[in-house]
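Contents: one structure, followed by commentary.
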Number of protein chains: 2
Amino acid sequence: MPAALTAHSATLAIDETLRARRAAGERVLHLGFGEAGLPVPDPVLTVLRAAADRNGYGPVAGSPEAREAAAGWFSRRGLATHAAQIVLAPGSKPLLYALLAALPGDVVLPRPAWVSYAAQSALAGKRVIGVPVPPEAGGVPDPEALAGALRAAPEAGVLVLTVPDNPTGTVVDRDRLRAVCEVADRHGLAVVADEIYGELLHDGGTIPRAAAFLPERTVVTTGLSKSMALGGWRIGLARVPDGPWGDAARARLVGVASEVWSALAAPMQAVAAYVLADPPEVRSHIDAARRLHGTVARAVHDEFTAVGADCRPPTAGFYLYPDLSPRRGALAAHGITDGASLATALLDRHGIGVLPGHAFGDDPQALRFRAATSLLYGDTTAERWETLRSAAPLDLPWVAAATTHLRQALRALTTHP
Amino acid sequence: MPAALTAHSATLAIDETLRARRAAGERVLHLGFGEAGLPVPDPVLTVLRAAADRNGYGPVAGSPEAREAAAGWFSRRGLATHAAQIVLAPGSKPLLYALLAALPGDVVLPRPAWVSYAAQSALAGKRVIGVPVPPEAGGVPDPEALAGALRAAPEAGVLVLTVPDNPTGTVVDRDRLRAVCEVADRHGLAVVADEIYGELLHDGGTIPRAAAFLPERTVVTTGLSKSMALGGWRIGLARVPDGPWGDAARARLVGVASEVWSALAAPMQAVAAYVLADPPEVRSHIDAARRLHGTVARAVHDEFTAVGADCRPPTAGFYLYPDLSPRRGALAAHGITDGASLATALLDRHGIGVLPGHAFGDDPQALRFRAATSLLYGDTTAERWETLRSAAPLDLPWVAAATTHLRQALRALTTHP
C-alpha cells in the first residue's frame, strides 16, 4: 500500500472539509474543488428517468448505443472512431486508473498536473517521472525537458497529457503538442490524453489532439462531469486507437474494468448515448456554460493580477493557477513562506479554500495554488440557473460577494501588516 | 500487469458471449452469469427518478442519508453500526478490489471462490493462498486446512469469506465460521466478508456473520445487485469495524476510493438510502425473490442429481456447483475429460452456458461447473414479473423449457454414445 494512498484525494478532501465548515455556519469561499456547479437541463433529466428501468449489468465496455454515440462524437471532432474503440465507465477517473495499471511502463507526468495521476500510478505500482510544464501553458511538458527526462528513464511507458489543463486552465498550442508527441513516439511511449475539459474552451474553439499526432498509441479519456456538470452521475469514456496496439490496450483496459467496476450504471449509459449525440439543447447548454466559466475565471484572474500575482490567463475550464512569488516579501510578513502556509492562511484567516501547488506535484516552496471558480455560481439550483442565463453574471449578488471576499483576502495577505 | 488481467472477468465474458449468440438467433440457455434476472419495483424506480437532479459529487464515502440507512440496516441485522463505518461505492466489486489493495498482506481465498477475488489480488500486487472448502458447504475454508496453510504463509494478511457462497449456493454453518474466524484471529488476519447474497437465504433465515466472531478486523461488503436485482445500477457498500483498526482501514479504503472512483453516483445514493431503510415493499419484493430463487435452484438441482451428479443442495442465492465425476466414464466417451471440455460441450453441443470450476480457482481436471439459475425467469420484464408472482413458476413455459433443455443436454452427455 503506497503511503500516498493512505490519504484522501486532495481535491475531494478539501471539498468535504469546506462543506463541513459551511454546514457549521462559517462563511466559506469554496475555490478548492473542480465541480462544475451548474444544474442539469430538463431533457437530460428526462433521459435518465426514462432509462431508470434498465437494471441489467450489460457489456463491460458500455451499451452498443452509448458506444455508437461516443464514436460519432469523436468522429465529428476530427478523430474517426468506431464503436469498438470506446469504453465507458463510472467516470473518467477509473479509466485513468485502469490505463495507468494496464499500460506497461512507468508514468511520465507534467508538473504540475491533476492530483490523482500520481496517486493512481502509485496504486498501480508505477514509478512517476515528473517533467515541468513551460510557462506558456499547462498540461504538456516542455519537449526538450521531456526528451531529457526520457533519456534518464528507460522504463518510462506512459505519458499523461491534460488538454485543456488542470490546474492552469490553459490549452497547449498545437505545435508544442505535436513536438511532445514526436518525442513520445521516438521513445515508444503511449500517450494518455485527458481531455475532460475539452468542450470548455472559453472562446468556443477546439483543442489540439494528441490522437491526431500519435494516432497509433494515444488513448483519450473524457466524460460528462465537466462539460455537462454531471460529476455526480459518474459518466466517463475512453477512446483507444484503431489498430493492433489499440486492440491490445482495449483488451487490457476492459480486463481491469471487468475486475474493478463491471460497467457504467445502465441508466447512465442512456444519458451518455443522448448527450454524446450532440443534440442542439446539449450544445446550447455547454455553450452557455463555457461562456460563464470564461467570464468568471477572467474576473477572478483580474483579482489575482491586481495584487501582483503571476497568473496565466485562463482560456478553458474553470481553474486558475496563480503564483504569488512576486509578493513573497509581504506574504512572509504574514508568516506565509510556502504553498502550504499560503493555503492554510487563506482557509483559516479568510475562509477561502484552495489547493496548494504541491498537491499537483509542484515545488512545495512555491507560492502557487489552484483556484477553482466553478462553485461561485450560487448555492441553489435556482441561483445556478440564473447565473448561467445571466447576461451579467458578475453582477449577481452571490458572484459579486465571492469576488469581493477574495479581493479582500488577497489584499490583506499581500499588504505589509 | 498480471497476466490474469489481460483477460475479461470470466463471468462477464460468458455473459457477453451468450448474449451475442442469442442475438444471432441461437437457442441459448444462459446459466453462466450471476445476474438476478428480475425487474425493478415501481417504488424504487420512483426514488431514482426523483433523485435524478442530484448531480454533485458528494462525499467519497457516500451521502449522510445513505450511510445512516446502511448503519440502520446492519444494526437491525445484529451488527450495531454507526454511519461513519459505512462506505458506499458503484458496486461491491470496487470495494472488494480496494480492500484487497488497501489491507496489508497476501490474500487467502477459499477454493473454489468467486472469479474476481484472485484477479483483483493480482491487480493489487498480492499473492493468493488458496485453501479448499469442505464438502459440507462453500465459501469458507476448512479451519484445520486454513491453519495449516497459514503456518506456511507468514505474509498472509486478508482472508476472504463468501457467505452465502458463490459458486456453491450454500451457507457455512455458524460453528464452522466461528472456528475459521478464531484461526484468522490467532494469525492476525483481517477478514473480508462478502455478504452480497446475504438477504437471499431460500428459507428466509439469516446468515452467520464473521463480524460477530472477529468484530475488530472484519470488513463486510454487500450491495443491492443480488437481493434487489439492481446489478446494472451499481450500488455497493462496505461496513468497516468500529475502533482503531477499523478507522485505519476506512481511511485507506476511502483513500483508494477517492483515487479510483470518487463516489457512488448521487442519484443512486438516494436509492441506497431508500432500500436500506427496509421499507415493507422492499422486504416483500426480496421475500418473493428469495422464494423464487429457491424454487428454481432446487428444480435445477434435481436435474443434476437425476443424472448422477454430486451437488450440494442449494440454500441461498441462485447458484449450483454440480460435480459430474460420478459420470466420468460416460462423459469421457463424449470426449469430455475436464472442466473446460465439459463447459465447451455444454455450450457448443447444447447451447448451455456455464462457468467451469477452474474459473473459480478449482482443479481444472474436476468435472465441476457453476450453473446460475437466475436468468431462467424470462426474457422480458412482463415474463419476469409473472415468474416472480407465480405460485408455480416451474410450470411457466419459459421456465419449463429451460429445465427441459438442461435435462436433455445432461442426459445426452451422460449416456454412452
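Order of the sequence lines sets the chain letters (A, B, ...), proteins ahead of strands, with each chain counted from 1.
You'll find the side chain of A:T162 reaches within 4.5 Å of the side chain of A:Y117, heavy atoms only. Between A:V44 and A:W233, the closest side-chain pair of non-hydrogen atoms falls below 4.5 Å. In this structure the side chain of A:S225 reaches within 4.5 angstrom of the side chain of A:R234, judged on heavy atoms. Taking 4.5 Å as the limit, some side-chain heavy atom of B:L237 sits within range of a side-chain heavy atom of B:T222.
By number of non-hydrogen pairs under 4.5 angstrom with chain A, the leading residue of B:D15, B:D42, B:V115, B:V40 is B:V40. Listed options B:S262, B:A266, B:P90 were ranked by heavy-atom pairs under 4.5 angstrom with chain A; first place goes to B:S262. Top candidate by heavy-atom pairs under 4.5 Å with chain A, chosen from B:A248, B:A89, B:G56, is B:G56. Options B:L45, B:V60, B:L95 differ in how many heavy-atom pairs under 4.5 Å they form with chain A, and the most are formed by B:V60. Comparing A:Q269, A:K93, A:M228 by how many heavy-atom pairs each has under 4.5 Å with chain B, the most go to A:K93.
In this structure A:E35 satisfies the side chain to side chain donor-acceptor pair (under 3.5 Å) test together with A:R19, sequence neighbours excluded. Judged as a salt bridge (charged side-chain N to carboxylate O under 4.0 Å, His left out), and not counting sequence neighbours, the contacts of B:D379 are B:R22.
When heavy atoms are compared at a cutoff of 4.5 Å, B:P59 approaches chain A by way of both its backbone and its side chain. Contact annotation for A:L38: only backbone heavy atoms (N, CA, C, O) come within less than 4.5 Å of a heavy atom of chain B. For A:F33, the part lying near chain B is the side chain, with the backbone staying farther off; criterion is any non-hydrogen pair under 4.5 Å. Heavy atoms closer than 4.5 Å to chain B are found in the side chain of A:L48, but not in its backbone. When heavy atoms are compared at a cutoff of 4.5 Å, B:A229 approaches chain A by way of both its backbone and its side chain.
Of all the heavy atoms in A:I196 and A:S92, the pair that sits closest is CD1-OG, 3.6 Å.
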